[in-house]
Trainee: 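First, the structure itself, so that you have it in front of you.
Below, chain A is the first sequence line, B the second, and so on; all start at residue 1. Note that the structure is a prediction, hence the values are computed from the model and not measured.
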Protein chains: 2
Amino acid sequence: MDLNERKLKILQAIVSDFITTSEPVGSRTLSKRPDIDLSPATIRNEMSDLEEMGYLTHPHTSAGRVPSDKAYRLYVDQLMQGSDLPEVNKQEITDRLHKDADELDQTVEHAAQLLSEMTNLVSFAITPNRSESKISYINFLPVDENSVVLMIVCEDGKVTNSAIRMNAPYTEENLTLMSKVMTHNFKGKAVSAVLTENIASMFESDMQALSGLAGSVVPSFMKTLEKMLNVDLYMDGYSNIFRLPEYSDVAKAQNFLETVTNKEQFTNVLVNRDNGLAITIGDENSEDLKDCALVTADYKVNGKLVGRLGVIGPKRMKYGEVTSVIKYITDNLSRTFEIEAPAEEAEPVEAADNDEQ
Amino acid sequence: MDLNERKLKILQAIVSDFITTSEPVGSRTLSKRPDIDLSPATIRNEMSDLEEMGYLTHPHTSAGRVPSDKAYRLYVDQLMQGSDLPEVNKQEITDRLHKDADELDQTVEHAAQLLSEMTNLVSFAITPNRSESKISYINFLPVDENSVVLMIVCEDGKVTNSAIRMNAPYTEENLTLMSKVMTHNFKGKAVSAVLTENIASMFESDMQALSGLAGSVVPSFMKTLEKMLNVDLYMDGYSNIFRLPEYSDVAKAQNFLETVTNKEQFTNVLVNRDNGLAITIGDENSEDLKDCALVTADYKVNGKLVGRLGVIGPKRMKYGEVTSVIKYITDNLSRTFEIEAPAEEAEPVEAADNDEQ
DNA sequence: TGTTAGCACTCTGAGCGAAAGAGTGCTAAC
DNA sequence: GTTAGCACTCTTTCGCTCAGAGTGCTAACA
């Protein structure tokens, strides 16, 4: 038995019908569609075949057919027609993303917000991983006699800072010296590379005058670098799930919310997805998301750093629309954080990208 | 008719019974309690009186009594007995709050997490408002030829930074000069005070050499200062509401989540609450929270800055337990961010408090 | 005079069965 | 190969009854 033209057509009709109604699709309903010119009985035969082939299931004998994960996969890969975003929406995306375009974090948060509004699903966005970002400055500033602030600036403009409680007394000169020596040592190196270096030994050789401070500074420096690698997760539209009949059961809604509000775990899921546009459906996800579908896409910052943005919802989602919204937003974000007029320079000029407060 | 001893006792029994069961309380149930030695009929008479006085309501004729908002208020003010936190919980709070005590934001986030776990309610925490914090440094760092990073450090160690896109070319010397002049001008002034000054004029008089840069810098500087005033909101335990029978109705759960996930609006509610321990019940809240109760308390940072932490849940909450957990956590937080061993100095030494990236 | 027992009454919620509706699968005819 | 027809299945909804919980009132009691 093979998937001939007619079976595909029927399958497509069933999937798209089910996506909009969330009700099992019966043969009579299908036969009424203008694009399908077959009697209910014929359709029933085909549906029976499709079920045997694993594309459809049956909640119970006297119910219509429901697409299986396999059917959604086929639908997404071959059957679905990409929808073009209405001009109004495009305009809105552009407008709203450019409103606070000088703050990466804020813009990304807005992007997530926008996405949940436009898809009526739960949306999320993660900021780029900076393990390959290069260090640009290291700076110690006095706060009071016991504590200083350490700030590390990356070439892409990202700033991370921490408070450090000093064990030994320090002078402003100490701090300036330390800032200079460390900047000199690490400038131009990637964050991940520095994290594997033996920093303590550097203090011994280069900075004997400061070795008394090393005990306070080294662990904090490492911690701050690690903080630089943290990926922020923004989510929006939690309450959208209540609009979906699949979550009218409170237990299911609870389950979903629990999974999705576990930031650490969920960030992990997102970080480990395929690059580019990625759609995973049902089984293709981990156990606790097996009733969901995720659609994600990447955005670029300075043409290098890669963040990610997407939605999570029921397998029955409007893949065409959702995909085009996500693509449009990520493209827009990438353009927003694009290098501006590199013009004559060979080395790329980093665009404004910086952290939140 | 007045609230005599017996009526109070009955009312207290009804409220505490309803809090644990969420079922309307009948006269027979009450008469079985060891602390109430009255026949159901007598209790019925008293309940009828209490209803007339506005302390009880009746879902329908043949149901037990339910406390009114007025009853909860009385309960909280007079009838409830404060519970003492078990030693295990105290220990856990202390342990978990001190794990990352060098990062205010992170600690506050952990506190919210802890609170939702211990109360099984939705918890929240806001970071302190810094409008009265004093500025300590202002620093411009070059990023690339078009952009610089501006960072403002407060006396309490809080750092805020922004990327600035420059309209005119700049030199490192320009930045250093600008940093010095601005630090000199604003050091020791409160953020809110600086925000009302006429910064632009300062550029004209003090910094003529830099006036070409002022156009880029002044608006960004103001924006960054405003960012310094932003209060961060952390929430946790959203999915706890599904455990409560009052939210077994999906529409109610949706409503609740929508109200509470509106960060801006909800932050506003929190910022405008009374200082110290504040409990608001039903009507006492805004319209969209009229079925809820909020309990909040303040914590202090450096004995000055004040943040806030609390829970939101149904009016039927264990006020005693909740209050003692919140108090214990806020006290603990205040101690964590306390000035450490000021010893000989007159001027208070600021403890480590700094921002999240 | 306050308290209590008794009883009729009310309202809710669970349980049950009937009936409607949707849809299938099979058979037989086209 | 397609279709009409029909018996059959399963779910959902509706109405009904009945048990249970609780009240309010009255009358008796201490």
Trainee: Could you state the atom-to-atom distance from CG of A:Asp37 to P of D:dT2 in whole Å?
Mentor: 12 Å

Trainee: When you check the gap from the basic side-chain N to the acidic O, do B:Glu23 and B:Arg316 get nearer than 4.0 Å?
Mentor: no

Trainee: Summarise how protein sits on nucleotides 18-30 of chain D as a single string, 5' to 3': B when a protein heavy atom is under 4.0 Å from the base, S for sugar-phosphate-only contact, - for no contact.
Mentor: ---BSBBB-----

Trainee: Measure the distance from CD on A:Glu23 to P on C:dG21 and round it to the nearest whole Å.
Mentor: 16 Å

Trainee: Rounded to whole angstroms, how far apart are CG on A:Leu38 and P on D:dT3?
Mentor: 6 Å

Trainee: Does OP1 or OP2 of C:dT3 have a side-chain N or O of B:Ser39 closer than 4.0 Å?
Mentor: no

Trainee: Given atom NZ of B:Lys7 and atom P of C:dG2, what is their separation to the nearest angstrom?
Mentor: 11 Å

Trainee: Are B:Lys252 and B:Glu246 within salt-bridge range, i.e. N to O under 4.0 Å?
Mentor: no

Trainee: Establish, yes or no, whether a centroid distance under 6.0 Å links the rings of B:Phe124 and B:Tyr234.
Mentor: no

Trainee: Under the ring-ring contact (aromatic ring centres under 6.0 Å, His included) rule, collect the residues that match up with B:Tyr238, sequence neighbours excluded.
Mentor: A:Tyr238

Trainee: May I ask which nucleotide in the shown strands pairs with D:dC8, Watson-Crick or G-U wobble, both distances under 3.5 Å?
Mentor: C:dG23

Trainee: Can you list everything that forms a salt bridge (charged side-chain N to carboxylate O under 4.0 Å, His left out) with B:Asp35? Sequence neighbours excluded, please.
Mentor: B:Arg33

Trainee: Give none if C:dC30 has no partner; otherwise give the nucleotide forming a Watson-Crick or G-U wobble pair with it, both distances under 3.5 Å.
Mentor: D:dG1

Trainee: Counting heavy atoms not belonging to A:Lys7, are there more than 12 under 6.0 Å from its NZ?
Mentor: yes

Trainee: Grab the CD1-C1' distance between B:Ile36 and C:dT4 for me, whole Å please.
Mentor: 16 Å

Trainee: If I take atom CG in residue A:Leu30 and atom P in nucleotide C:dA22, what distance separates them, rounded to the nearest angstrom?
Mentor: 15 Å

